[in-house]
Amino acid sequence: MTPVLSSRYDGMRYRACGHSGLKLPLISLGLWQNFGTGRPYETQRAIVHRAFDLGITHFDLANNYGPPIGEAERTFGKILQDGLGAHRDELVISTKAGYRAWPGPYGDGGSRKNIITSCEHSLRRTGLDYFDIFYHHRMDTDTPVAETAAALDQLVRQGKALYIGVSSHSPAHFVSASRVIEAAGLTQFTSFMSRYNLLERQDDAEKWPIAAAYGAGGVAFCPLAQGLLTHKYLGTSPAAGARLADELSRASDDAPIRKLIERARALNEIAALRGQTLAQMALAWVLRSPVVSSALIGASSVAQVEENIGTLNQLPFTPNELAQIDAITL
Ligand SMILES: NC(=O)c1ccc[n+]([C@@H]2O[C@H](COP(=O)([O-])OP(=O)(O)OC[C@H]3O[C@@H](n4cnc5c(N)ncnc54)[C@H](OP(=O)(O)O)[C@@H]3O)[C@@H](O)[C@H]2O)c1
């Protein structure tokens, strides 16, 4: 089965990722969850193909996504072989290294050893010749930023990555790495990936201005707070199969998460007045910041992708709506 729609670019909008020439779809799809073993391959393939048919050209991986570790890259490689690969030039595929992916002292972090070796593993698992964006997945204060920056630059010079980025770095670490890059004339960061949603909005004041100052585009991950900002948690108990249901039932003190759900319920009332679902309003809100190039969602079904794409029908907020949202979330 190959993706079928020739109209796939009609509904999607694309934003330049920072000062680069690379455009990202306003909504991208990540394969952190739902693409390991234990999930039907047919569903995984259907989600990715439908996403692409709706104009989602950007798919995000990491060396450790599974389970088991590496499995999401293998699954994506299979989907590429199953038809999607015919569209390689229309896709932006990213992966990352930085979290533990194999045992011993070289299986994580930002060392040249880990970055270069991990990229080779990821290329093999996906069957790709190159990644469009290669990320250092998390901050590593044990490794000099110059070493990580040079390793990422090496991937670009070798043609194994077209662009590079960092994820989950503190603003100070991002600035220090960017200064090293500028001084040494290395490849600049195209994107700064960070967790950002209506319930975790500290990047408004912190990371996005720094990303903008260095010409990097923001990529907002977990824009739905792993599902908390959807209908799934609004009832008296989580919907069947909801990702955070186990966590909620196991938590010895569930007061913090219950507080977030209360906020989600209040936000849902604003979404309803806007004629949107809570998920759609949450994505529109993330995208209101021009520094954010893309909201990087996850999905466990085709229907979720379709609902989330509906966000694009109504992006702007009135000042009154934003004030009401601030009153709930700040
Ligand atoms: N750089 C990093 O360190 C880092 C960390 C985390 C994530 N990421 C990236 O960000 C991507 C997205 O993260 P995420 O999966 O946490 O994002 P998310 O969009 O906040 O959450 C996705 C989950 O929300 C639920 N959902 C999505 N749309 C829905 C809808 N319309 N209605 C009801 N439920 C809906 C689904 O939960 P159910 O599964 O319960 O159905 C889905 O699995 C990852 O795949 C990864 O690529 C990066």
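Atoms within a ligand are numbered from 1 in the order they appear, just like the ligands themselves.
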Report the nearest protein non-hydrogen atom to atom 10 (O) of ligand 1: residue, atom name, distance rounded to 0.1 Å.
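Sorting protein heavy atoms by distance from atom 10 (O) of ligand 1 puts F221 CB, 3.2 Å first.
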Among all protein heavy atoms in this structure, tell me which lies nearest to atom 36 (C) of ligand 1, with the distance rounded to 0.1 Å.
Q304 OE1, 3.3 Å
Applying a 4.0 Å heavy-atom criterion (strictly less than), which segment of T230 is in contact with ligand 1: side chain, backbone, both, or neither?
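Side chain only.
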Give yes or no for whether the N/O distance cutoff of 3.5 Å, strictly under, is met between [X] and ligand 1.
| X | value |
| --- | --- |
| K96 | no |
| L31 | yes |
| Q33 | no |

For the aromatic rings, using the six-membered ring if either is Trp, is the centroid distance between F221 and W32 under 6.0 Å?
no
At a 4.0 Å threshold, what atoms of ligand 1 neighbour a non-hydrogen atom of [X]?
| X | result |
| --- | --- |
| A242 | 40 (O) |
| D60 | 9 (C), 46 (C), 47 (O) |
| G227 | 21 (O), 24 (O), 25 (C) |
| G241 | 40 (O) |
| S300 | 38 (P), 39 (O), 41 (O) |
| M193 | 1 (N) |

With no hydrogens and no angle check, just 3.5 Å: does a side-chain donor-acceptor pair link Y99 and N63?
no
Is the number of heavy atoms from other residues, nucleotides or ligands within 6.0 Å of CZ (R179) greater than 12?
no
